[in-house]
Structures are given as structure tokens and as C-alpha cells.
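This report refers to the structure that appears directly beneath it.
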Amino acid sequence: MLNFLKKLKYGARVFLSKGGGQPETIDVAGKATVLLHGGEGEPFFYLHSGLGESMLWLPFHQAFAKKFNVYSPLHPGFGKSGGFDQVADIEDMAFHYLDMFDALGIEQACIGGVSLGGWIAAEFAVRWPERVKKLWIADAPGLWVEGKPLGDLFRLAQNRPKLREMLFHDPAGPMAQVVIKDQVDEATMLNAFQSMSVLARMVWTRPYDPKLAGRLRRIACPTLLLWGDDDKLVPREYGEAYQKLIPGAEFKLIKDCGHLPMFEKEAEFVEAITKFCLA
């Protein structure tokens, strides 16, 4: 979905990071899974959103890699990661990451994600709390919050200006224009269709897990909930709901930020998570 970033410059800065993160394909319980990996230190998993941003090693990946041994896989069904035919729901996604931990020989790690990735991380942590050293969740669905429906991403998928308005605090800002372009090439459109197909299976009929709220008490590690204060897709009330249900969870808002803090407020996003995971 982000193929157009390969040749794009953001001001004087190359948007696509040059260091580390070369893609490799690993076997995860019979699923060919694309993995970006770089850095040194404690193992750190970044689970991507429905944008599929882990198709590329981006500046925020590289920033995390300065402090951590970063693993940034593509979920089944995204890019060239296979095995989506074996994924029926969010629980299957969680089991996929258990299999990945085992395949990589990782007993425990800091794990988190943005949006869909954050939901998967929460589902992982309630099932295998002993495998999670620190948990961070950013702008994630997964719960049902009465009176605060999620934004309709599917309805706006083909309306690029409206999509920018939903996902960004500043839809006219440079990052909004970079990530959600008005004109896209065929490869980008095909990736977008593939990503939306995955999301449709996960959230079309029920964009939450009715069992998750009752299971969040099982999370046994420090937890950071990071939310854009102007998230129109998954409003801040979802973060507040997670905080009430996860023992000792910390809730932090990023000012003037929408649904994609890793793009709109990259420095604050990386700093908050890095400080939390190193504490």
C-alpha cells in the first residue's frame, strides 16, 4: 500500500529509512511470513495497522531500532505474507504471533501496535501474559464503547480527501498528503484492496471482541495506552475503556494527533513508547 514512498522525499528528508530492516520471509507454523528486522537490544515487536505500513522500513522503525531489536512483521494477508486462508478471526491472528515467538525463539518481548496491530497485541497479552514484558496499544479498536461508534473506514475508502479527514488531525498537512495521496498507481491500489479484504474479515460484521473486555484483567505487565487526542476513527474513549479494564495501565494522549501517530506525530510517538519500554 505504501509503494509510492520508495521514491518520495519529505522536505529534505528521505521518508523511506535507509538503515536496516531488509525484508525476509520466515516460516511461521507453515505460513510464509514477511518480516522486517533490525537493531540491537531487547526484542520489540511492532504490529502494523490496516495500512500495512510494515511493508517498508520507515523512520519510526529505525528510531525504535536505535534502542531495541525490532521485529516488524506483516500480518497474514498483507503484502506477501501468506496464511490468510487459515485466519478466520482476531484470535487466529493472536495465535499466529504465538507461533512467531516460538519460531524466532523469543520467550518474552515488548509488544504493541497501532489500530489493528494494537488490538492483536491486546489479544496476545490476555492469552499469554507470561510472554509479554511490556505492552503498548495505540489507537486500537477491540472493545465496544456505548455511544461512541467507530468511524466507517469502508465507506470512505475510495474518497481520499475524506479518508485523510478521518485519519489525520491535520488533513492538509504534509504527512496526510504523503500517506493518503489523491493519485495512486496500480500496485498501490492492489495492495489497498488486499488490506481492506483482511480488515473486512476482521471487523466487517463485528468490529470488536465481546470476550476481550472480560479478559483484559489477565494482562500482567506494565501497559501503555497511547491515543491521538483527535482520533476520529477510534475515539479516545476506547483508550479510556482499555485503561479501566487493564490493571495499572497508563493512558497518554498525543496532542493535535489523529489515528496514525507514527506518521502525524512520529517524534512524540517514538519517545513515549521508547521511554515506557526502557523504564
Side-chain angles (χ1 to χ4, degrees), residues 26-31 33-37 42-50 52-54 61 64 68-78 81 83-84 86-143 198-199 201-203 206-227 234 238-239 241-243 245-250 262 273 276-277:
I26 64 172
D27 181 271
V28 178
K31 303 182 188 75
T33 301
V34 177
L35 175 68
L36 301 180
H37 175 219
E42 294 291 324
F44 175 98
F45 276 78
Y46 175 91
L47 305 187
H48 65 79
S49 74
E53 64 272 14
S54 289
H61 290 114
F64 285 130
F68 305 105
N69 188 0
V70 176
Y71 296 88
S72 187
L74 278 177
H75 309 319
F78 284 83
S81 280
F84 189 55
Q86 303 171 47
V87 176
D89 53 27
I90 200 72
E91 182 173 53
D92 289 339
M93 281 288 195
F95 271 94
H96 172 72
Y97 283 102
L98 176 66
D99 290 336
M100 180 175 290
F101 269 49
D102 291 344
L104 294 170
I106 294 174
E107 289 298 318
Q108 190 181 63
C110 179
I111 185 171
V114 179
S115 194
L116 174 63
W119 182 7
I120 296 170
E123 298 280 358
F124 183 96
V126 301
R127 289 169 173 79
W128 306 285
E130 72 283 359
R131 307 296 291 267
V132 184
K133 183 177 181 180
K134 297 280 185 77
L135 172 68
W136 62 271
I137 298 170
D139 299 88
L143 299 174
V198 177
L199 288 175
R201 184 177 296 183
M202 296 292 102
V203 304
R206 190 176 63 195
Y208 69 101
D209 176 358
K211 297 181 179 180
L212 180 59
R215 291 171 172 170
L216 288 173
R217 60 181 173 77
R218 300 182 61 203
I219 293 175
C221 65
T223 301
L224 173 65
L225 303 164
L226 196 60
W227 242 258
V234 185
Y238 284 78
Y242 270 107
Q243 185 186 28
L245 295 166
I246 299 175
E250 175 188 353
M262 68 289 200
I273 295 170
F276 166 74
C277 289

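Positions are given from 1, in the same order as the sequence printed here. Model, not experiment: these values are computed from the prediction.
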With a 4.5 Å limit on heavy-atom distance, are the side chains of [X] and [Y] in contact?
X: Tyr208; Y: Pro141; value: no
X: Leu226; Y: Trp136; value: no
X: Leu36; Y: Val70; value: no
X: Leu104; Y: Leu35; value: yes
X: Leu212; Y: Val126; value: yes
X: Ile111; Y: Leu135; value: yes
X: Val114; Y: Leu47; value: no
X: Val234; Y: Trp227; value: yes

CA sep, side-chain torsions, deciding dist, call: Asn69, His37, side-chain contact (heavy atoms from CB on, under 4.5 Å): CA-CA 7 Å; Asn69 188 0; His37 175 219; 2.5 Å; yes

Between [X] and [Y], which heavy-atom pair has the shortest distance, and what is it?
X: Pro73; Y: Tyr97; result: CG-CE2, 3.4 Å
X: Gly30; Y: Asp27; result: N-OD1, 3.3 Å
X: Pro43; Y: Tyr71; result: CB-CE1, 4.1 Å

Decide side-chain contact (heavy atoms from CB on, under 4.5 Å) for Glu123 and Met93; before the verdict, give the C-alpha distance in whole Å, the side-chain angles of both, and the deciding distance to 0.1 Å. CA-CA 9 Å; Glu123 298 280 358; Met93 281 288 195; over 6 Å; no

Assess the residue pair Trp128 and Phe95 against the criterion (ring pair (Phe, Tyr, Trp, His ring centres under 6.0 Å)); give the C-alpha distance rounded to whole Å, side-chain angles, the decisive distance to 0.1 Å, and a yes or no. CA-CA 10 Å; Trp128 306 285; Phe95 271 94; 4.9 Å; yes

Do the ring centers of Phe44 and Phe64 come within less than 6.0 Å of each other?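 Yes, close enough.
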
Counting N and O atoms only, with roles assigned by atom type, does the side chain of [X] sit under 3.5 Å from a partner on the main chain of [Y], one being a donor and the other an acceptor?
X: His48; Y: His75; result: yes
X: Ser81; Y: Leu74; result: yes
X: Gln108; Y: Glu130; result: yes

Distance in Å, [X] [atom1] paired with [Y] [atom2], rounded so as to fall on 0.5 Å steps:
X: Ile120; Y: Ile90; atom1: CD1; atom2: CD1; result: 4.5 Å
X: Ile246; Y: Cys221; atom1: CD1; atom2: SG; result: 8.5 Å
X: Ile137; Y: Gln243; atom1: CD1; atom2: CD; result: 11.5 Å

Using the rule given for ring pair (Phe, Tyr, Trp, His ring centres under 6.0 Å), can you reason through Phe68 versus His61, listing the C-alpha separation, both sets of side-chain angles and the distance that settles it, and then say yes or no? CA-CA 10 Å; Phe68 305 105; His61 290 114; over 10 Å; no

Could you go step by step and tell me if Leu216 and Leu143 meet the side-chain contact (heavy atoms from CB on, under 4.5 Å) rule? CA-CA 10 Å; Leu216 288 173; Leu143 299 174; 3.9 Å; yes

Tyr46 side chain to Glu53 side chain, donor-acceptor N/O pair below 3.5 angstrom: yes

Do you see a donor-acceptor pair shorter than 3.5 Å between the side chains of Ser54 and Ser72?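 Distance-only check passes for Ser54 and Ser72.
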
State which residues pass ring pair (Phe, Tyr, Trp, His ring centres under 6.0 Å) with Tyr242; sequence neighbours excluded, sorted by chain then number.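 In terms of ring pair (Phe, Tyr, Trp, His ring centres under 6.0 Å), with neighbours along the sequence ignored, Tyr242 is linked to no residue.
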
Does Glu42 come within less than 4.0 Å of Lys134, counting only side-chain N to carboxylate O? no

Under the side chain to side chain donor-acceptor pair (under 3.5 Å) rule, what pairs show up with a residue in residues 209-225, not counting sequence neighbours? none

Checking Phe45 against Phe101 for the ring pair (Phe, Tyr, Trp, His ring centres under 6.0 Å) test, could you report, in this order, the C-alpha distance in whole Å, the side-chain angles of both residues, the deciding distance, and whether it holds? CA-CA 10 Å; Phe45 276 78; Phe101 269 49; 4.7 Å; yes

Kindly determine whether Leu225 and Glu250 satisfy side-chain contact (heavy atoms from CB on, under 4.5 Å), including the steps that lead there. CA-CA 6 Å; Leu225 303 164; Glu250 175 188 353; over 6 Å; no

All pairs passing salt bridge (charged side-chain N to carboxylate O under 4.0 Å, His left out) where residues 93-112 contributes a residue, at least two apart: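 Residue pairs with at least one partner in residues 93-112: Asp102-Arg131.
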
